[in-house]
Each structure stands twice: as structure tokens, then as C-alpha cells.
Amino acid sequence: MNVPPRLPREKARDYALRVLRENIISLTLEPGARVSENELSSELGLSRTPVREALIELGNYGIVEIFPQHGSVISKIDYRHIEEARFMRLALETAAVAEVCDIATAEDVEELEDSVQIQKMYMDNGNAKMLLKMDNKFHRGIFAACDKLVSYTLMQNMAVHFDRVRQLSLTTVKDIKIIEDHRAIVEAIKAHDKERARDVMTLHLSRYKTDKTLIQDQYRRFIRE
């Protein structure tokens with residue numbers, strides 16, 4: 001498991017939750033893998049209580065399955081949960097990007113454009129982990145531009161299901177459209193074209209359906225039947 005340093009003033013529970021979440025999204029903790037509070041506590045340098053609290057929260061969103069007295073299991077990828085996560089993202093992100101079309105500053109646009117450039121660099125270098133990280137930063141930037149970061153944070157709780165499939169897509173699908181989509185979204189924002197921005201965002205968040213067969217063929221062991 002990858003264990004980054006604890007941030008200043010970061011509570012133990014929040015640290016455990018962040019590290020577990022990142023390792024689940026990156027598939028370092030694979031779908032179907034068993035984990036134990038004792039082992040996680042030792043790796044994180046924490047007591048069992050914050051680790052247990054983090055696992056319970058992840059369990060509330062169907063990301064971890066908890067079996068009392070028998071440990072916990074990282075949930076397999078369930079396309080029903082993915083669809084629900086996409087539904088939430090679609091509702092919030094189309095609304096956010098439309099609002100940004102009205103109020104984005106030149107600085108907001110420049111930050112989004114810079115993000116796309118960095119994404120292109122990571123894509124060209126084959127760094128899927130950092131590409132996904134910058135992809136998330138791009139979407140967070142849209143919510144920041146319309147002062148809706150609380151909504152973004154709430155959305156992220158369900159996004160783990162969606163993000164695992166996005167991670168697999170980056171290593172499975174040859175014709176990735178992330179850069180193309182993000183550039184089109186930025187151009188729509190610059191043109192104050194709300195309809196175009198919503199349309200591109202809808203397409204962008206629906207591409208996982210096209211990737212589904214490829215992912216199932218290559219990673220069937222990760223998928224809930």
C-alpha cells in the first residue's frame with residue numbers, strides 16, 4: 001500500500017480515509033482484496049479506532065464490505081454503483097459548468113487551460129496515476145470557479161466507484177478522449193456557451209459505457225457479476 005505523509009493538522013481518521021481512498025482508486029488495494037484493521041493500523045502508524053472509522057465510512061458508500069470478526073474486503077467494481085455515481089456527477093457538473101460559463105474570470109480559464117496542458121504531458125508520458133489526479137483537479141477547478149466546493153466534496157464520496165473505472169480506462173482504452181473533452185469544455189466556457197458546455201460534459205461523463213466491454217474483458221476478476 002502507498003502511504004503518503006500525514007498532512008499538518010490532519011486528523012487521524014481523515015488521514016486513514018484519504019490514504020485508503022487513494023489506494024482503492026489507484027487499485028493498489030485491488031477489488032476483492034482482504035484488509036485488516038491491525039495491518040492497516042501498523043502501516044499507517046495509527047491506532048485501530050481511526051482506521052475502523054475510515055473503513056466504516058467507506059462501507060457506508062459500498063466501497064468496502066465489513067465482516068465483523070472476519071475483517072474487511074475491498075468491494076468489487078459494481079456497475080450499478082458506477083451508474084449512480086455518474087448520475088450524481090452529471091447532475092452537479094452540468095449545472096456547475098453552465099454557471100461557470102456566466103461567471104468565469106480570465107484567471108479561472110487560464111487555470112483550466114494550464115490543467116489541460118499538464119494532463120497532456122502525463123498522458124504522453126503514460127503516467128495514468130498522475131493523469132487521473134490532474135483530471136480530478138480540472139473538475140474541481142470548475143466547482144471552485146463557481147464557489148461550489150462543498151458540493152464537489154460531497155460528490156467525491158460516491159466518486160470512488162466511478163474513479164476506479166476511470167483508472168482502468170486509462171490503461172485499457174487506446175483512444176482516450178480526456179484531453180479532447182477537457183479542451184472542448186474550456187472552449188465552451190470561454191465562449192459563454194452553456195448549452196455546448198453541458199453537452200460536452202454529458203458526453204465526457206458517459207464515455208465509461210463505451211469502455212465497459214474492454215474493461216470487463218481484461219479485468220473480469222475485479223468486476224461484480
Side-chain angles (χ1 to χ4, degrees), residues 1-4 6-7 10-93 128-129 132-133 135-136 139 151-173 205-209 211-225:
M1 188 169 73
N2 296 321
V3 183
R6 188 169 169 180
L7 301 174
E10 187 174 28
K11 295 180 180 178
R13 172 198 162 280
D14 294 338
Y15 175 56
L17 183 61
R18 176 170 67 87
V19 174
L20 288 172
R21 188 177 184 281
E22 289 177 358
N23 278 274
I24 290 170
I25 290 173
S26 69
L27 304 172
T28 303
L29 288 175
E30 294 186 350
R34 286 193 170 275
V35 293
S36 75
E37 289 181 12
N38 286 336
E39 291 175 1
L40 292 173
S41 299
S42 177
E43 286 194 67
L44 294 171
L46 301 173
S47 68
R48 290 179 59 184
T49 298
V51 172
R52 184 183 306 117
E53 290 174 348
L55 288 170
I56 289 172
E57 179 158 346
L58 291 169
N60 289 337
Y61 291 98
I63 300 159
V64 170
E65 298 174 56
I66 299 173
F67 301 98
Q69 312 305 321
H70 297 285
S72 301
V73 175
I74 307 302
S75 298
K76 289 194 173 185
I77 293 171
D78 188 330
Y79 273 88
R80 292 172 301 177
H81 288 153
I82 294 167
E83 178 56 33
E84 187 168 354
R86 187 198 72 91
F87 175 83
M88 180 184 296
R89 286 193 63 173
L90 188 61
L92 291 174
E93 296 209 44
K129 181 178 178 180
L132 182 60
K133 184 175 181 179
D135 184 356
N136 286 333
H139 287 270
S151 296
Y152 177 82
T153 299
L154 293 173
M155 182 181 73
Q156 288 302 93
N157 290 326
M158 274 297 292
V160 175
H161 296 287
F162 200 73
D163 286 348
R164 288 197 293 180
V165 170
R166 291 166 64 209
Q167 184 72 59
L168 289 174
S169 293
L170 294 176
T171 57
T172 305
V173 181
L205 295 177
S206 300
R207 290 196 184 278
Y208 83 96
K209 294 181 179 180
D211 304 341
K212 183 176 178 180
T213 300
L214 289 172
I215 290 171
Q216 286 179 319
D217 287 346
Q218 189 164 338
Y219 295 99
R220 188 163 298 278
R221 69 189 185 279
F222 291 165
I223 310 297
R224 187 181 298 280
E225 299 295 338

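From a predicted model like this one, the values you see are computed outputs, not experimental measurements. Positions are given from 1, in the same order as the sequence printed here.
For the pair Ser41 (side chain) and Glu37 (backbone), a donor-acceptor distance under 3.5 Å is present. Side chain of Lys76 to backbone of Arg221: a donor-acceptor contact under 3.5 angstrom is found. In terms of modelled atom types and a separation under 3.5 Å, the side chain of Ser26 and the main chain of Asn23 share a donor-acceptor contact.
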(request) Carefully, step by step, assess Arg80 and Glu84 under the rule salt bridge (Lys or Arg N to Asp or Glu O under 4.0 Å). (result) CA-CA 6 Å; Arg80 292 172 301 177; Glu84 187 168 354; over 6 Å; no

(request) Check the pair Met1, Leu20 against side-chain contact (heavy atoms from CB on, under 4.5 Å), reporting the backbone distance first and the verdict last. (result) CA-CA 9 Å; Met1 188 169 73; Leu20 288 172; 4.2 Å; yes

(request) For salt bridge (Lys or Arg N to Asp or Glu O under 4.0 Å), just list the numbers for Arg6 and Glu10, CA-CA rounded to whole Å, side-chain angles, deciding distance to a tenth of an Å, and then say yes or no. (result) CA-CA 7 Å; Arg6 188 169 169 180; Glu10 187 174 28; 5.3 Å; no

(message) Assess the residue pair Leu7 and Tyr15 against the criterion (side-chain contact (heavy atoms from CB on, under 4.5 Å)); give the C-alpha distance rounded to whole Å, side-chain angles, the decisive distance to 0.1 Å, and a yes or no.
(response) CA-CA 8 Å; Leu7 301 174; Tyr15 175 56; over 6 Å; no

(request) Tell me, with the steps shown, if Phe162 and Ile25 meet side-chain contact (heavy atoms from CB on, under 4.5 Å). (result) CA-CA 9 Å; Phe162 200 73; Ile25 290 173; over 6 Å; no

(message) Go through it in stages, so that I can follow the logic: the residues are Ser75 and Arg224, the test is side-chain contact (heavy atoms from CB on, under 4.5 Å), and I'd like the CA-CA distance, side-chain angles, deciding distance and then a yes or no.
(response) CA-CA 8 Å; Ser75 298; Arg224 187 181 298 280; 4.2 Å; yes

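Residues meeting the salt bridge (charged side-chain N to carboxylate O under 4.0 Å, His left out) test with Arg34, sequence neighbours left out: none.
Of the inter-residue distances, the one linking Ser151 atom OG with Gln156 atom CD reads 11.5 Å to the nearest 0.5 angstrom. Atom CD of Glu93 and atom CZ of Arg86 lie 11.5 Å apart (nearest 0.5 Å). In this structure, the separation between CZ on Phe87 and CG on Leu205 is 13.0 Å, given to the nearest 0.5 Å. Rounded to the nearest 0.5 angstrom, Ile74 CD1 and Leu58 CG are separated by 7.5 Å. Interatomic distance, Tyr61 OH to His161 NE2, rounded to the nearest 0.5 Å: 10.0 Å. Interatomic distance, CZ of Arg52 versus CG of Leu40, reported as 12.0 Å (0.5 Å rounding).
Between the side chains of Arg21 and Asn157, not a single donor N or O lies within less than 3.5 Å of an accepting N or O. If you check the side chains of Ser47 and Thr49, you find no donor sitting under 3.5 Å from an acceptor.
Put simply, the side chain of Leu27 does not reach to within 4.5 Å of the side chain of Tyr219, judged on heavy atoms.
Few gaps surround CD on Gln216; more than 12 heavy atoms of other groups in view lie less than 6.0 Å from it.
Across Ala16 and Val51, no two heavy atoms sit closer than the pair CB-CA, 4.2 Å.
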